[in-house]
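Per chain, numbering begins at 1; letters A, B, ... match sequence-line order.
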Amino acid sequence: MCGRYAITLPPEAMRQLFAIRGGIPAFALRFNAAPTMDLPVVRMGDVGREIALLRWGLVPSWAKSLDGGSLLINARSETAAEKPSFRGAFARRRALVPANGFYEWQARGKGPKVPHFVHRRDGAPMVFAALWERWGPPEGGAIETFAILTSEANSDIAAIHHRMPVILPPEQWDLWLSPSTALGALEALLTPAPLGLVSAYPVSLRVNSVANDDPALLAPAEAPPEGEAQAVPAPRRPGQLDLF
DNA sequence: CCAGACGTTGTT
DNA sequence: GTCTGG
DNA sequence: CCAGACGTTGTT
DNA sequence: GTCTGG
């Protein structure tokens with residue numbers, strides 16, 4: 001779950017949404033944000049909220065290397081506060097991840113999984129609760145990564161999937177980001193979205209390939225009939241050679 | 001004491 | 001880094 | 001999350 | 001089947 005989302009808010013819109021005072025880094029708009037990409041997150045800096053570009057896929061600070069199995073894109077909200085991989089980040093490095101919405105794949109017994117786009121009914125951006133971590137020497141070469149917290153799905157999308165990202169409303173953003181919020185108060189924020197907040201519709205299978213990243217990914221698509229296959233358009237890079 | 005794990009997802 | 005298992 | 005690779009030798 | 005890359 002939550003292994004893909006869209007974030008296409010222009011920098012200025014994001015500055016206003018989060019009341020960022022300082023400058024913000026340049027970042028690409030993404031209709032198909034995927035793990036290992038550098039994506040904008042909001043966290044507390046020295047002088048209040050800041051936007052930073054972090055790599056999606058949290059690497060614990062004690063990991064021996066950046067590659068391998070140490071790439072944690074989600075953290076279960078039910079257990080993150082105690083897990084060795086997340087505990088430190090849960091206590092001291094919480095973040096918000098802005099999104100237009102997220103993609104969720106619905107398994108359909110036979111045939112391909114059907115991707116859906118899950119968005120707020122009111123059209124507002126959706127903000128995920130997240131944790132971030134730093135790996136490597138502080139002097140330089142350190143990389144910063146993040147993971148998105150998940151909860152049980154609510155009944156708005158339970159027919160599609162059984163987990164969903166934790167979505168925080170604006171009035172909870174300060175509490176989540178503040179370094180002084182008590183552990184119990186933090187855990188109280190990590191609940192499934194209230195009923196009626198979100199809605200979902202099927203989208204094209206083109207979203208399956210991260211090579212596809214365009215506005216058409218958000219367009220509603222016909223849900224394919226049960227058990228019937230649908231062609232997957234093959235992404236093709238310019239300059240690709242035919243070898244045989 | 002040292003060695004080894006440390007996570008999520010989904011699927012069966 | 002910190003905890004668990006042997 | 002899904003898609004795509006998964007290998008060696010020798011030669012340029 | 002399993003791992004890596006995006």
Side-chain angles (χ1 to χ4, degrees), chain A residues 1-7 27-28 30-39 53-93 97 99 101-118 128-138 142-143 145-153 157-166 190 200 202-214 217-218 229-237 240 243:
Chain A
M1 66 86 21
C2 206
R4 222 71 83 75
Y5 65 93
I7 173 59
F27 54 85
R30 299 280 190 185
F31 294 90
N32 206 351
T36 74
M37 288 180 179
D38 288 329
L39 299 164
L53 282 184
L54 271 53
R55 190 171 173 265
W56 187 9
L58 185 147
V59 177
S61 59
W62 41 259
K64 292 185 181 67
S65 75
L66 281 175
D67 37 64
S70 40
L71 186 100
L72 308 167
I73 68 172
N74 296 134
R76 292 178 63 88
S77 59
E78 298 91 335
T79 56
E82 298 95 44
K83 294 286 185 183
S85 291
F86 301 124
R87 184 169 50 186
F90 195 100
R92 292 178 293 279
R93 289 177 295 278
V97 174
F102 61 95
Y103 298 101
E104 200 73 274
W105 279 260
Q106 178 183 40
R108 286 268 206 99
K110 189 184 173 180
K113 292 180 187 176
V114 179
H116 294 251
F117 185 65
V118 185
F128 306 138
L131 306 174
W132 68 273
E133 188 54 273
R134 181 176 282 133
W135 184 92
I143 82 151
T145 59
F146 73 95
I148 296 172
L149 287 154
T150 65
S151 70
E152 288 281 318
I157 64 163
I160 298 171
H161 212 68
H162 67 108
R163 302 287 294 174
M164 72 188 298
V166 172
L190 305 179
V203 293
S204 165
L205 289 172
R206 291 179 63 244
V207 75
N208 288 10
S209 175
V210 296
N212 295 319
D213 182 6
D214 57 77
L217 296 184
L218 300 182
Q230 180 173 315
V232 188
R236 193 176 175 85
R237 293 184 303 282
Q240 188 176 357
L243 302 174

Quiz prompt | Same-atom distance (C1') from dC2(D) to dT8(B), integer angstrom | solution = 15 Å

Exercise. Please give the nucleotide sitting opposite dT4(E) as a Watson-Crick or G-U wobble pair, both distances under 3.5 Å, or none.
Key: dA3(D)

Practice problem: Would you mind reading off the distance between Leu149(A) atom CG and dT9(B) atom C1', rounded to a whole angstrom? | Solution: 15 Å

Quiz item: Phosphate oxygens OP1/OP2 of dT8(B): is one of them under 4.0 Å from a side-chain N or O of Arg163(A)?
Solution: no

Quiz item: Whole Å only: how far is the CD1 atom of Ile73(A) from the C1' atom of dT9(B)?
Solution: 8 Å

Practice problem: Identify, with sequence neighbours excluded, every residue that meets salt bridge (Lys or Arg N to Asp or Glu O under 4.0 Å) alongside Asp38(A). | Solution: none

Quiz item: Nearest-Å distance, OH (Tyr103(A)) to C1' (dC1(D))?
Solution: 12 Å

Exercise. For dT9(B) versus dC3(C), give the span between their P atoms, rounded off to a whole number of Å.
Key: 24 Å

Quiz item: If you look at every strand shown and take non-hydrogen atoms under 4.0 Å, does Phe86(A) touch a base, only sugar-phosphate, or nothing?
Solution: sugar-phosphate

Quiz item: Nearest-Å distance, CZ (Arg4(A)) to P (dT8(B))?
Solution: 20 Å

Practice problem: Please name all residues satisfying salt bridge (Lys or Arg N to Asp or Glu O under 4.0 Å) with Arg92(A), sequence neighbours left out, ordered by chain then number. | Solution: none

Exercise. Applying ring-ring contact (aromatic ring centres under 6.0 Å, His included), name anything that partners Phe86(A), two or more places apart in sequence or on another chain.
Key: none

Exercise. Mind calculating the distance between CG (Asp213(A)) and P (dC2(D)) to the nearest angstrom?
Key: 17 Å

Exercise. Can you figure out which of dA3(D), dC1(D), dT11(B) approaches the side chain of Lys113(A) most closely?
Key: dT11(B)

Practice problem: Remember a base hit wins even if backbone is also touched, and classify Thr36(A) as base, sugar-phosphate or nothing at under 4.0 Å, heavy atoms. | Solution: base

Quiz item: Using atom P of each nucleotide, how far apart are dT2(C) and dG7(B) to the nearest Å?
Solution: 15 Å

Practice problem: Kindly say whether Val59(A) contributes a backbone atom to a donor-acceptor pair with the side chain of Thr145(A) at under 3.5 angstrom? | Solution: yes

Exercise. State which residues pass salt bridge (Lys or Arg N to Asp or Glu O under 4.0 Å) with Arg134(A); sequence neighbours excluded, sorted by chain then number.
Key: Glu144(A)

Quiz prompt | Pairwise C1' distance for dG10(D) and dA3(B), with rounding to whole Å | solution = 42 Å

Quiz prompt | Interatomic spacing from CD1 in Ile160(A) to NE2 in His116(A) - rounded to 0.5 Å | solution = 4.5 Å

Self-check item: Residue that, paired with Tyr5(A), satisfies ring-ring contact (aromatic ring centres under 6.0 Å, His included) out of Phe128(A), Tyr103(A), Phe102(A)
Solution: Phe128(A)

Practice problem: State which residues pass salt bridge (Lys or Arg N to Asp or Glu O under 4.0 Å) with Glu152(A); sequence neighbours excluded, sorted by chain then number. | Solution: Arg163(A)

Quiz item: If you measure from the C1' atom in dT11(B) to the same atom in dG1(E), how many Å do you get, rounded?
Solution: 14 Å

Quiz item: Once you round it to whole Å, what is the distance between P of dA3(D) and CG of Asn208(A)?
Solution: 4 Å

Show each protein N/O and nucleotides 1-6 of chain C N/O combination with a separation under 3.5 Å, one pair to a line.
none

Quiz item: Atom CD of Glu104(A) and atom C1' of dC1(D): how far apart are they, to the nearest Å?
Solution: 9 Å

Quiz prompt | Separation of atom CD in Glu152(A) from atom P in dT9(B), rounded to whole Å | solution = 10 Å

Quiz item: dT8(B) phosphate, OP1 or OP2: any side-chain N/O from Thr79(A) under 4.0 angstrom?
Solution: yes

Quiz item: For Ala107(A), which contact category applies under a 4.0 Å heavy-atom criterion: base, sugar-phosphate, or nothing?
Solution: sugar-phosphate

